[in-house]
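Each ligand, and each atom within it, is numbered from 1 in the order the structure gives.
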Amino acid sequence: MSIRPTTIVVLAAGKGTRMKSALPKVLHPVAGLSMLGHTLALARGFGATRVAVVVGPGMEAVGAEARRHVPTASIHLQAEQRGTADAVAAARPVLGDGAGDVLVLFADTPLLAASSLAGLTGALAAGADAAVLGFEAADPKGYGRLLTAPDGRLEAIREEKDASPGERAVRLCNSGVMAFAAGRLESVLPRIGNANAAGEYYLTDAIALICADGGRAAVVTCPEEETLGVNDRAQLARAEALWQAKRRLAAMRDGVTMTAPETVWLSHDTRLGRDVMLEPNVFIGPGVAIGDGVVVRANSHLEGATIAAGARIGPFARLRPGAAIEQDVHVGNFVEVKAARMEAGSKANHLAYIGDGRVGAGANIGAGTIFCNYDGFNKNFTDVGAGAFVGSNSSLVAPVKIGDGAYVGSGSVITKNVEAGALALERSEQQARPGWAERFRTMMARRKAAAKGG
Ligand code: UD1
Ligand code: CA
């Protein structure tokens, strides 16, 4: 949490042409959350007093996504992409009195950590007028170089295109994240020009101007991985991989077992209890919470589901949004659960579809049971009472109710409510014909022989 009032300006106006996408770049997801969402979650967690998001023309969806995460965010239009200083200038209405310190973030840098933002505001609190998040680049190509004095002060940032060969040899690079003490950014913004190789208004020029005004600028460093900027789909995949690796490690440190962590996929909001066991190839989409001691066996796919302590899921299970799995429930292979509550101790161990319904405590859903929830127009509810037993290969045609403790004979198509404690059976009676098989075989063998002979 920041103590000084802080305004965070998020730049998201770039077209992102290298994504080759109809979707604006910053709306592409990492771990099930848009890159903009990641940046705004960081801003929110940081306790910024104001959040301003700069978007380009035709990016209404970006503004809407911003408001979804920070309802009070102000959205500013940068009409033309004339550089990062011009983008920040679009947010000038909120940079006036009371804006406090200003942090500028890029919306395409989803791995940035809160500790780095704290480092920057810490530098401001310690007296710096500006602070820049830098990193030692393995390959500095394309980045702005941080030019420092022998005492470590930051004197200027030189964009690659404008750098001399000596400056290009510098490996300390600009991540793009910059912090300015109250009033400093406003005072230099109008003086930033575009007399450079790209003809753009560079926000990075603010540093030399602040120093010329007698201000002091500092560098705060972070690991290079954190600053990964996503410009194309390969970098998007790289960001995903880095995010997943970090999150898996955190989960294991918090008491989750993964036999093959590199094959387990988590989401930005995944909640995992202690002693959860995630077997190989488990995919967890957004909106999943898993309680203590749950075992999710191999090749299961979960999204929008809550799973209470002690439940066993999979292998090959599919939990879709609205699946509420209570304590000690078993959901076995090739079972799909959607918008349905399975109450404590109930079981569906094989090959079933449980959609739009309730399975009461301790009830057993036999193999091949289908909740026929959809009539082509509406979704209807199936209610299976506590302790009921639904025999294999039954179709429960919703809306329908199976009373507590009732039995449904296997193979039944149930269209009417079943009373508590009753047996419901819907299939033709079995016939028995003693000796039939032998007579049949003899007849068939004779026919075949006659056909060959003729
Ligand atoms: C920028 C930095 C560079 C740094 C690098 C880190 C400047 C001048 N350069 O360069 O020092 O090493 O990031 O990745 O700041 N944007 C707008 N409007 C614009 C231009 C950009 O909103 O008119 C947004 C983009 O959407 C993007 C961010 O600003 O989120 C950075 O712009 P980009 O053009 O990618 O800057 P770089 O050339 O990568
Ligand atoms: Ca960039």
Side-chain angles (χ1 to χ4, degrees), residues 8-19 21 24-28 34-36 38-40 52-59 62-63 66 75-92 103-112 116 130 132-147 154 156-163 167-168 170-180 185 188-189 192-209 217 219 221-222 224-232 235-236 239:
I8 292 187
V9 179
V10 176
L11 303 190
K15 290 200 192 81
T17 41
R18 279 175 283 169
M19 294 297 282
S21 177
K25 176 168 81 172
V26 300
L27 296 186
H28 282 261
S34 69
M35 291 194 274
L36 177 63
H38 281 274
T39 306
L40 292 174
V53 179
V54 179
V55 303
M59 289 191 187
V62 176
I75 312 296
H76 307 270
L77 178 70
Q78 184 194 18
E80 235 185 292
Q81 252 86 94
R82 300 193 302 165
T84 46
D86 181 64
V88 171
R92 205 183 277 135
L103 273 168
V104 179
L105 309 183
F106 295 166
D108 61 359
T109 316
L111 303 176
L112 196 64
S116 294
V132 173
L133 187 66
F135 63 99
E136 285 287 337
D139 174 11
K141 196 166 183 298
Y143 290 113
R145 308 301 204 279
L146 300 184
L147 308 181
L154 179 62
I157 305 178
R158 193 79 70 236
E159 291 305 306
E160 164 118 351
K161 283 181 182 165
D162 306 297
E167 289 167 343
R168 282 187 191 195
V170 171
R171 285 181 47 216
L172 183 62
C173 290
N174 174 25
S175 69
V177 183
M178 301 172 80
F180 300 92
L185 180 58
V188 296
L189 259 188
I192 293 177
N194 67 345
N196 52 52
E200 282 188 14
Y201 296 85
Y202 291 157
L203 181 63
T204 44
D205 283 353
I207 298 301
L209 290 169
V219 179
T221 55
C222 72
E224 179 167 10
E225 283 184 357
E226 238 187 72
T227 69
L228 176 74
V230 172
N231 298 310
D232 59 30
Q235 286 167 328
L236 183 67

- request: Say whether T84, considering both its backbone and side-chain N or O atoms, lies within less than 3.5 Å of an N or O atom on ligand 1.
  value: yes
Can you tell whether the side chains of E167 and R145 come within less than 4.0 Å, N to carboxylate O? no
Checking heavy-atom distances from atom 3 (C) of ligand 1 to each of E159, E160, K25, H76, the winner is E159
In ligand 1, the atoms that come under 4.0 Å of a heavy atom of G14 are 17 (C), 22 (O), 25 (C), 26 (O)
Near Q81 (heavy-atom distance under 4.0 Å), the atoms of ligand 1 are 18 (N), 19 (C), 23 (O)
For G144, the atoms of ligand 1 under 4.0 Å from one of its heavy atoms are 3 (C), 4 (C), 11 (O), 12 (O)
Min over T109, D108, L228 of heavy-atom distance to atom 27 (C) of ligand 1 lands on D108
Touching ligand 1 at all, V54? Heavy atoms, strictly under 4.0 Å? no
Can you tell if the side chain of L236 reaches within under 4.5 Å of the side chain of M35, non-hydrogen atoms only? yes
Taken in chain and number order and not counting sequence neighbours, the residues that satisfy salt bridge (charged side-chain N to carboxylate O under 4.0 Å, His left out) with D162 are none
Candidates F106, Y201, Y143; heavy atom nearest atom 31 (C) of ligand 1 found on F106
A87 heavy atoms within 4.0 Å reach ligand 1 at atoms 17 (C), 18 (N), 22 (O)
Quick one: does any side-chain atom of Q81 pair with a main-chain N or O of A13 as donor and acceptor, under 3.5 Å? yes
Review point. Under the side chain to side chain donor-acceptor pair (under 3.5 Å) criterion, do S34 and H28 qualify, and how do the steps go?
Key: CA-CA 5 Å; S34 69; H28 282 261; over 6 Å; no
So, is G83 polar-close to ligand 1, with some N/O to N/O distance under 3.5 Å? yes
Original post:
Would you call R82 and E200 a salt bridge, taking side-chain N to carboxylate O under 4.0 Å as the test?
Top reply: no
| message | Any atom of ligand 1 sitting under 4.0 Å from a heavy atom of S175? | response | yes
#### Entry: side chain to side chain contact (heavy atoms under 4.5 Å, CB included) between N231 and K25, worked out
CA-CA 8 Å; N231 298 310; K25 176 168 81 172; 3.3 Å; yes
Under 4.0 Å from one or more heavy atoms of L11, ligand 1 contributes atoms 22 (O), 24 (C), 29 (O), 30 (O)
Any nitrogen or oxygen of A13 lying under 3.5 Å from a nitrogen or oxygen in ligand 1? Just yes or no. yes
Check your understanding: Within the structure, does Y202 bring an N/O atom to less than 3.5 angstrom of an N/O atom in ligand 1?
Key -> no
With heavy atoms and a 4.0 Å threshold, my read on which part of R82 contacts ligand 1 is backbone
Salt bridge (charged side-chain N to carboxylate O under 4.0 Å, His left out) filter on E136, not counting sequence neighbours, yields none
Problem set entry | Donor + acceptor pair across side chains of E159, N196 (<3.5 Å) | no
(request) State whether the side chain of E224 and the backbone N or O of A138 hold a donor-acceptor pair below 3.5 Å, judged by distance alone. (result) yes
